[in-house]
There are 2 protein chains.
Amino acid sequence: MGTAPKRPTIKQIAEETGLSVTAVSYALRGERVSAATIARVQAVADELGYSADPVARALRGGRTGTIGLLVGSLADFWQQTLAHAVQRELRTHGLHVLLADADGDPAEELALAGRLAAQRVDGLLVAPIGPAGGDWAKLTERTPTVTIAGRLPGAELAGEVVFDQTAGVGEVLRHLHALGHRRIAVLSWAIAASPDRPTERAVREQAAALALDCEIVPCAYSLDGSRPLALEVLAREDRPTAIFCLSDSIAYGVLHGCRELGLSVPGDVSIVGFDDHPLSRLVDPPLTSVNWSIDRTARAAVGFLVDHLAGTRGEQRVVIAPTLSVRVSSGPAAG
Amino acid sequence: MGTAPKRPTIKQIAEETGLSVTAVSYALRGERVSAATIARVQAVADELGYSADPVARALRGGRTGTIGLLVGSLADFWQQTLAHAVQRELRTHGLHVLLADADGDPAEELALAGRLAAQRVDGLLVAPIGPAGGDWAKLTERTPTVTIAGRLPGAELAGEVVFDQTAGVGEVLRHLHALGHRRIAVLSWAIAASPDRPTERAVREQAAALALDCEIVPCAYSLDGSRPLALEVLAREDRPTAIFCLSDSIAYGVLHGCRELGLSVPGDVSIVGFDDHPLSRLVDPPLTSVNWSIDRTARAAVGFLVDHLAGTRGEQRVVIAPTLSVRVSSGPAAG
DNA sequence: ATGAAAGCGCTAACAG
DNA sequence: CTGTTAGCGCTTTCAT
């Protein structure tokens with residue numbers, strides 16, 4: 001075909017109007033120049049369908065209108081939902097999302113954040129995998145960062161949305177304890193990559209306090225990751241009477257495994273999830289889980305970033321309290 | 001504190017090595033210069049932790065290593081899964097994702113695609129909402145584009161992944177017909193925004209051929225969108241004996257509604273979905289749905305784009321055939 | 001109120 | 001094999 005129809009530039013508007021690029025640049029942002037000029041420039045800009053080139057702006061050092069979202073693993077259904085909530089929230093502020101998925105690898109996490117920063121995102125939203133990562137200080141010094149449900153070593157933050165994991169773990173463990181469970185398997189996607197997460201620590205401490213026999217088992221995310229593992233754990237001689245999954249996605253896989261083994265839930269084994277995905281009330285049986293309001297989480301995280309970008313507010317912080325939703329999948333310990 | 005530690009540039013390497021920026025630029029890409037120079041430049045680059053600035057590259061006109069993914073609505077669970085699959089597939093090619101969500105609005109779709117193009121994505125993956133949109137020709141002429149399960153009016157494509165919707169609809173309608181259903185409600189998220197999609201047309205035509213009484217009802221995506229609607233449809237005097245949902249997300253909301261109304265599925269009403277989300281086999285009751293291999297879809301779409309980016313292969317095309325997964329949610333028509 | 005010129009970091013002619 | 005120069009589109013001194 002013909003030559004590529006390039007997007008209109010400020011220079012074209014300058015030629016059309018007989019002004020200089022400088023004048024146009026100012027006019028487009030409604031600065032300095034006369035009202036008449038502004039109107040004229042706007043008219044031409046609209047006619048040409050002009051919009052500022054975000055890349056040129058970025059190179060010059062301005063805002064890009066894009067926020068980086070870095071999640072631990074998109075294989076996790078809850079994090080998919082988080083991505084949606086965040087993207088929806090950002091849109092209300094006219095911002096866009098550059099999405100990156102660390103795919104469960106803490107080492108990858110920092111590298112990806114660097115990529116995002118190199119793309120000149122105006123800010124970074126990070127749902128960290130665990131405290132393993134390297135040196136976040138340099139990166140967060142230049143790019144405003146808000147963490148969601150996790151810590152970044154040495155990072156300078158614009159804000160953080162903290163999940164009270166200790167409370168959440170406590171709710172679940174006490175719930176299971178009250179139902180008579182004593183031997184519990186805890187399935188964690190993070191334990192292999194990042195053994196010392198607060199969540200796993202909380203499990204150990206509180207299990208000890210309640211005199212529970214808790215074994216923490218490393219586990220891949222996702223249905224297909226946890227199902228075979230569940231089959232193995234459940235086939236054991238001294239099978240646990242309850243399985244506490246540190247993510248609903250994992251719990252779904254376990255549910256699947258139970259079905260294959262012909263085990264009744266909660267008759268033979270109780271199952272509890274940990275993030276209350278919207279579908280958890282619809283699965284069979286409805287899954288007992290811990291809810292951390294995803295809307296509040298997304299709104300707070302984005303709000304912190306936007307505040308920081310607007311004026312300069314200091315580091316903001318909110319703690320999201322867990323709510324245990326007791327449904328059908330957890331019941332009295334068998335035998 | 002202190003001054004912002006900017007990222008290293010090609011110029012710094014030039015100073016370190018005593019070469020010109022040009023020489024360094026070539027050396028970094030292993031072109032033209034001597035092996036010795038390449039080695040020396042590489043060494044300094046590594047030491048400084050240099051990596052090319054994607055923004056500068058983009059402005060200059062080169063590749064960014066980023067692909068835009070434009071989905072109809074991230075509120076839809078299947079599209080969330082698609083986003084994950086695509087992102088995973090792109091990663092194997094060293095590519096990144098810029099994600100945009102049209103949120104069900106066909107008008108927004110083209111605008112977002114423009115934003116993505118302005119960000120200089122190397123290519124575009126679009127799962128279109130419907131044929132409503134404006135003029136895609138100009139955009140797709142400059143940015144290689146692959147469509148997934150939908151058409152773009154006037155677009156020049158690098159490839160397309162076509163879902164055989166007609167076959168899918170046929171499978172479902174014949175399945176329901178064989179079970180004795182004659183009055184069927186079809187819930188579609190697209191019907192309001194984009195009334196003439198092939199899918200809806202296929203429903204009308206095939207319903208007529210089978211002498212089915214099919215009413216197409218517009219419906220928001222997502223659980224919360226379809227649940228109230230389901231309540232209304234199911235409360236009618238002449239309630240349909242089956243509900244065919246043009247996305248599993250919608251079906252989940254309907255399932256939820258049935259539960260609230262105390263209706264048994266499939267005893268009182270049968271329900272069928274349309275994209276076979278991984279959780280559909282786990283919900284209660286397991287959902288009959290139509291599967292379009294998401295892995296094949298993502299792999300083909302990304303493959304087409306990568307091929308186009310590499311050499312220049314002509315427009316590629318694949319048709320994904322549907323597979324009906326009959327599960328528990330569909331049964332003989334009541335009464 | 002407007003314009004000229006420099007520069008963000010990189011690549012691609014076009015010399016030498 | 002290597003260096004000079006120009007330019008991608010925009011914003012920002014600094015003049016006028």
Side-chain angles (χ1 to χ4, degrees), chain A residues 3-42 44-45 48-66 114-115 117-122 142, chain B residues 3-42 44-45 48-66 114-115 117-122 142:
Chain A
T3 50
K6 305 201 149 216
R7 38 180 304 152
T9 73
I10 237 178
K11 196 170 151 197
Q12 282 176 44
I13 303 183
E15 283 163 6
E16 289 281 327
T17 56
L19 291 167
S20 72
V21 287
T22 313
V24 174
S25 174
Y26 282 126
L28 285 169
R29 284 168 297 154
E31 277 178 42
R32 300 177 45 162
V33 294
S34 69
T37 313
I38 292 185
R40 195 155 48 101
V41 169
Q42 258 310 335
V44 176
L48 262 49
Y50 171 86
S51 71
D53 184 332
V55 172
R57 270 216 177 124
L59 184 59
R60 189 53 193 39
R63 296 275 171 84
T64 53
T66 300
R115 263 294 297 204
Q119 296 277 9
R120 308 288 204 285
V121 292
D122 294 341
R142 285 172 48 73
Chain B
T3 49
K6 305 201 153 220
R7 39 180 303 153
T9 73
I10 235 177
K11 196 168 151 199
Q12 282 176 44
I13 303 185
E15 284 163 5
E16 290 280 328
T17 56
L19 291 167
S20 73
V21 286
T22 315
V24 174
S25 174
Y26 283 125
L28 286 170
R29 284 168 297 153
E31 277 179 43
R32 301 176 43 160
V33 295
S34 69
T37 314
I38 292 185
R40 194 155 48 102
V41 169
Q42 259 311 333
V44 176
L48 261 48
Y50 171 86
S51 70
D53 184 331
V55 172
R57 272 218 175 122
L59 184 60
R60 188 54 187 57
R63 295 276 170 82
T64 54
T66 300
R115 263 295 296 205
Q119 297 276 8
R120 306 288 202 284
V121 291
D122 293 341
R142 286 171 46 75

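First the proteins, then the strands, lettered A, B, ... as listed; each starts at 1.
Phosphate proximity of dG3(C) to Thr22(A): absent, as no side-chain N or O sits under 4.0 Å from OP1 or OP2. OP1 or OP2 of dT11(D) lies within a sub-4.0 Å distance of a side-chain N or O belonging to Arg57(A). When the side-chain nitrogen and oxygen atoms of Ser34(B) are compared with OP1 and OP2 of dT2(D), one or more of them lie within a distance under 4.0 Å. Considering only side-chain N and O atoms, Thr9(A) lies nowhere under 4.0 angstrom from the phosphate OP1 or OP2 of dG9(D). Between Tyr50(B) and dC10(C) there is a side-chain N or O to OP1 or OP2 distance below 4.0 Å. Close to dT2(C), at under 4.0 Å from its OP1 or OP2, lies a side-chain N or O of Thr37(A).
As judged by a 4.0 angstrom heavy-atom cut-off over every strand, Ala58(B) is placed among residues making no nucleic acid contact.
Rounded to an integer number of Å, the gap from CZ of Arg120(B) to P of dT11(C) is 15 Å.
Note: Leu19(B) CG to Ser25(B) OG = 12.0 Å, rounded to the nearest 0.5 Å. Interatomic distance, CD of Gln119(B) versus CG of Asp53(A), reported as 8.5 Å (0.5 Å rounding).
Taking for each of Leu59(B) and Arg29(B) the nucleotide of DNA chain C with the nearest heavy atom, the 5'-most of the two is the partner of Leu59(B). For the pair Val21(A) and Ala35(B), nearest-nucleotide mapping onto DNA chain D gives the more 5' position to Ala35(B). DNA chain D is contacted by both Gly18(B) and Ala52(A); Gly18(B) maps to the nucleotide lying nearer its 5′ end (nearest heavy atom per residue).
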